[in-house]
Amino acid sequence: MHLSEILNHLGEERGQYFNAVSPPVFQTSNFTFSSLDEFRQAFTDELAHHIYSRGNNPTVAILRQKLAALEEAEDALVFASGMGAVSAAVLANVRAGGHVVCVESPYSWTKALLKDYLPRFGVSTTFVDGRETANIERAIQDNTTLLYLESPNSLTFELQDIRACAGLARRRGVVTVLDNSYASPFFQRPIPMGIDITVHSGTKYLNGHSDVVMGVLCTNKVMARKIFEGEYMTMGGILPPHDAALAIRGLRTLELRMRRCHESGLEVARYLEGHPKVERVLHPLLPSFPQYELARKQMEGAGGLFSFYLRASRPDQAEAFYNNLSRFLLAVSWGGHESLALPAVAFYNIPGREKPAMPWNLVRLYIGLEDPQWLIEGLEQALAHV
Ligand SMILES: *Cc1c(COP(=O)(O)O)cnc(C)c1O
């Protein structure tokens, strides 16, 4: 289906609501039945009927259809946060005494789930450098049920060879989950490459306006039903209909925003690569990136997120950079309209917190929708203080 059809029309049954162009927010918890027969019929298949909004809601259903089509998946489920989607995908595919193989540096809370939380239920995880498929192959054991990938990750952007990993896992009977938040389905579609489940922080590009926290899980019909009847209904971390309506609106401009972020991101990254106060830029679609060829093979673009190392010998030089960085907001997250800087050095002096694995001179930038030249001027001013 054409992208324009998906973003502008798919799932929108306008004839059912007075031909309104924008879908209504079905702000209801409950649905009634006109007869006992209808009531009974609905309970033969809860996934296919409107019974109660923890299960199905018509506004949420529009969003699900669009997201599934974007990922070229058979179905999609949406959650109250990205971690809601990650947790559902993982929990649906582990069992006591089982084992997970995961890439070395996934999203921090994903790592917490696998490393600190799941051992309570007898599930162990081996973390491996996923840049080499052979490391993943070696880590798979007889009791491995799940391979968890994130390509690229959202700080240092290591990739996995998605097709190779999917093929390997399939041969060993292992389910694959891939966090596709970085590239978004606009630039990377892992399901046609053989991945079983993709997950997203929809908080990032999919909603795209920094006003909704949401999660997305895309997969085949059988797995979607299993997760709907399991983790989705029992844990109940659903996306409210109002947030779904905001996300439908956000998606209308997915193509425009992704193209803009990709182009501006590369422009700013190239500028930084030539700057004397910059030691090194990490951007998967710069030729200097170690996995550039693989990135070009499996991604059509990169969005606006990348990192760089300041050429500085003392943390106070990094602090001077941020203190003079106007035009970027200091913040976590990314994927909205506004450009952001994530200061690694800030994590070095947090009382009661372990020293982070990332070096203090690492800067993660998110290039939003502003004029890239205007952002570059802002960076020039800040770098002069390093
Ligand atoms: C933000 C993020 C998440 C978590 O999503 P939330 O919506 O914050 O729960 C998961 N994976 C990646 C790569 C992220 O950037």
Side-chain angles (χ1 to χ4, degrees), residues 63 67 71 76-91 102-117 127 130 148-160 162 176-188 190 195 197-218 231-232 235-240 243-244 246-247 250-251 257-258 261 265 282-284 295 299 302-307 329 331-336 338-342 344 347 356-358 362 364-368:
L63 178 62
L67 292 166
E71 282 274 344
L77 295 170
V78 288
F79 294 82
S81 71
M83 280 315 299
V86 169
S87 299
V90 169
L91 291 173
C102 180
V103 289
E104 189 69 58
S105 309
Y107 181 66
S108 56
W109 290 102
T110 303
K111 191 154 195 177
L113 171 71
L114 293 168
K115 183 168 152 287
D116 305 327
Y117 194 88
F127 294 92
Y148 192 96
L149 308 171
E150 190 175 311
S151 183
N153 74 23
S154 60
L155 185 66
T156 44
F157 316 107
E158 290 93 343
L159 278 72
Q160 298 94 57
I162 297 174
T176 43
V177 175
L178 188 144
D179 185 329
N180 197 27
S181 302
Y182 175 86
S184 91
F186 186 74
F187 285 135
Q188 177 170 276
I195 294 294
I197 304 175
T198 59
V199 288
H200 284 273
S201 171
T203 315
K204 314 292 164 55
Y205 289 127
L206 295 173
N207 179 63
H209 292 72
S210 305
D211 51 10
V212 170
V213 174
M214 74 168 196
V216 178
L217 182 164
C218 298
E231 290 67 26
Y232 188 83
M235 307 209 164
I238 61 156
L239 188 72
D243 285 358
L246 285 172
L251 276 182
R257 291 185 287 106
M258 292 313 293
C261 287
L282 294 176
H283 184 303
M299 288 160 55
L305 194 70
F306 67 91
S307 297
L329 304 177
V332 299
S333 197
W334 45 277
E338 74 293 6
S339 291
L340 306 171
L342 178 76
F347 292 87
M358 53 188 167
L362 182 79
R364 188 184 75 178
L365 288 185
Y366 168 66
I367 308 303

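We count ligands from 1, going down the list as the structure has it; atoms in each ligand are counted the same way. Just so you know, these numbers come straight off a predicted model, no measurement behind them.
Residue contacts with ligand 1, taken as heavy atom pairs separated by less than 4.0 Å, do not involve W109 at all.
Although no hydrogens or angles enter the test, the distance criterion places a donor-acceptor pair under 3.5 Å between the side chain of Q188 and the main chain of S151. Counting only distance, with no hydrogens or angles, the side chain of K111 and the backbone of E104 share a donor-acceptor pair below 3.5 Å. No side-chain donor-acceptor contact under 3.5 Å links S307 to the backbone of L282.
Close contacts of ligand 1 with M214, meaning ligand atoms under 4.0 Å from a residue heavy atom, involve 7 (O). Taking every heavy atom of S81 and a limit of under 4.0 angstrom, the matching atoms of ligand 1 come to 7 (O), 9 (O).
F187 places none of its side-chain heavy atoms less than 4.5 Å from the side chain of N180.
Ligand 1 has no N or O atom lying under 3.5 Å from any N or O atom of T110, backbone or side chain. Of the polar atoms of G82, at least one N or O is found under 3.5 Å from an N or O of ligand 1, judged by distance alone.
Using a 4.0 angstrom heavy-atom cutoff, W334 counts as in contact with ligand 1. Within the 4.0 Å heavy-atom cutoff, V86 does not count among the residues contacting ligand 1.
To the nearest 0.5 Å, atoms CG (L239) and CG (L63) are separated by 6.5 Å.
Between W334 and Y205, the ring-plane angle classifies as perpendicular under the 30° and 60° cut-offs. Between F157 and Y182, the ring-plane angle classifies as tilted under the 30° and 60° cut-offs.
When only non-hydrogen protein atoms are considered, atom 11 (N) of ligand 1 lies nearest to D179 OD2, 2.7 Å. The protein non-hydrogen atom at the shortest distance from atom 4 (C) of ligand 1 is Y107 CE2, 3.3 Å.
A donor-acceptor contact under 3.5 angstrom links the side chains of E338 and S210, judged on distance only.
Of the candidates E150, K204, M83, H200, K204 brings a heavy atom nearest to atom 14 (C) of ligand 1. Summarising the contacts of atom 7 (O) of ligand 1 with L206, T203, N207, the nearest heavy atom is found in T203.
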